[in-house]
Amino acid sequence: MANLEEILQSGGAVILPTETVYGLFAQAMNEDAVEHVYQLKRRPKEKAMNLNVADYETILAFSKNQPSYLKKIYDTFLPGPLTIILRANDRVPAWINSGLSTIGFRIPKHPQTLELIKKTGPLIGPSANISGKESGKIFADIKKQFGNNVTGLSDDAALTGVDSTILDLSGESARILRQGAITKEELLACVPELTFAD
């Protein structure tokens with residue numbers, strides 16, 4: 001783990017498990033580190049990255065105009081397989097969110113990955129695969145995809161293989177942009193004041 005922390009702190013990328021699939025993680029506030037991940041994944045630049053953070057305060061630090069029920073969603077579902085889209089504030093560099101007005105937040109449930117985020121600060125962590133290929137669920141296969149040039153933490157057994165639900169709270173109404181592990185019904189049961197766009 002110490003070695004992985006050093007790689008991240010020095011601007012490198014590492015493969016880490018979440019509770020869903022593996023992610024390719026790097027320092028979010030380091031433009032070169034983010035660029036490295038775009039190149040490794042062969043990801044189009046217009047596809048924005050999310051911020052992987054460790055706590056509620058960091059979500060507030062990089063967003064604005066948060067809905068009043070955000071804390072309730074956080075307390076119920078995070079850490080866990082939920083990505084929340086909020087309005088970005090001016091602390092979010094354009095190299096993370098492609099200059100969009102919004103930013104996604106994720107708090108992975110895997111204990112060692114979460115521990116690394118606490119130590120290093122916000123990380124990007126898109127799925128660990130070449131863009132267009134299936135999300136990575138087997139560590140050895142992912143390493144091969146990247147020519148064995150990227151190291152990380154292997155824990156295949158921890159993954160469900162079901163992507164996180166992406167919940168957009170940046171507008172007047174909530175929208176589910178990707179249906180993943182957490183359902184609309186579960187969200188409404190927890191936060192009845194959520195209103196969804198038709």
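Numbers here simply count residues along the sequence, with the first being 1.
Using a 4.5 Å heavy-atom cutoff, the side chains of H110 and E115 are not in contact. The side-chain heavy atoms of L116 and E5, taken from C-beta on, include a pair separated by under 4.5 Å. Between T102 and N97, the closest side-chain pair of non-hydrogen atoms is not below 4.5 Å. Counting heavy atoms from C-beta on, the side chains of L153 and V14 never come closer than 4.5 Å. In this structure the side chain of L70 reaches within 4.5 angstrom of the side chain of Y56, judged on heavy atoms. Side-chain atoms of P126 and V37, non-hydrogen and from C-beta on, do get closer than 4.5 Å to each other. You'll find the side chain of L86 reaches within 4.5 Å of the side chain of P67, heavy atoms only. The closest side-chain heavy-atom distance from F196 to L194 is below 4.5 Å.
No donor-acceptor pair under 3.5 Å is formed between the side chain of Y74 and the backbone N or O of D55. Looking only at distances, no side-chain donor or acceptor of T151 sits under 3.5 Å from a matching main-chain atom of L4. Side-chain N or O atoms of S127 include none that pairs as donor or acceptor with a backbone N or O of N129 at under 3.5 Å. Of the possible polar contacts, none joining the K184 side chain to the Q179 backbone as a donor-acceptor pair under 3.5 Å is found. Between the side chain of N89 and the main chain of A61, a donor-acceptor pair closer than 3.5 Å is present. Not a single donor-acceptor pair under 3.5 Å links the side chain of D156 to the backbone N or O of I138. Counting only distance, with no hydrogens or angles, the side chain of E19 and the backbone of K109 share a donor-acceptor pair below 3.5 Å. A donor-acceptor distance shorter than 3.5 angstrom exists from the side chain of R106 to the backbone of G80, with no hydrogens or angles considered. In this structure a side-chain-to-backbone donor-acceptor pair under 3.5 Å is missing from W95 to M29. Counting only distance, with no hydrogens or angles, the side chain of T113 and the backbone of P17 share a donor-acceptor pair below 3.5 Å.
E134 CD: 12 or fewer foreign heavy atoms inside a 6.0 Å radius. No more than 12 heavy-atom neighbours from other residues, nucleotides or ligands sit within 6.0 angstrom of CZ on R42.
The line from CG of D163 to OG1 of T83 is 9.0 Å long, rounded to the nearest 0.5 Å. Distance check, rounded to the nearest 0.5 Å: CG of L40 to CD1 of I130 gives 7.5 Å.
Remark: the R175 side chain and the S170 side chain contain no N/O donor-acceptor pair separated by less than 3.5 Å. Between Y22 and D155, the side chains place no donor N or O within less than 3.5 Å of an acceptor N or O (distance only, hydrogens not considered).
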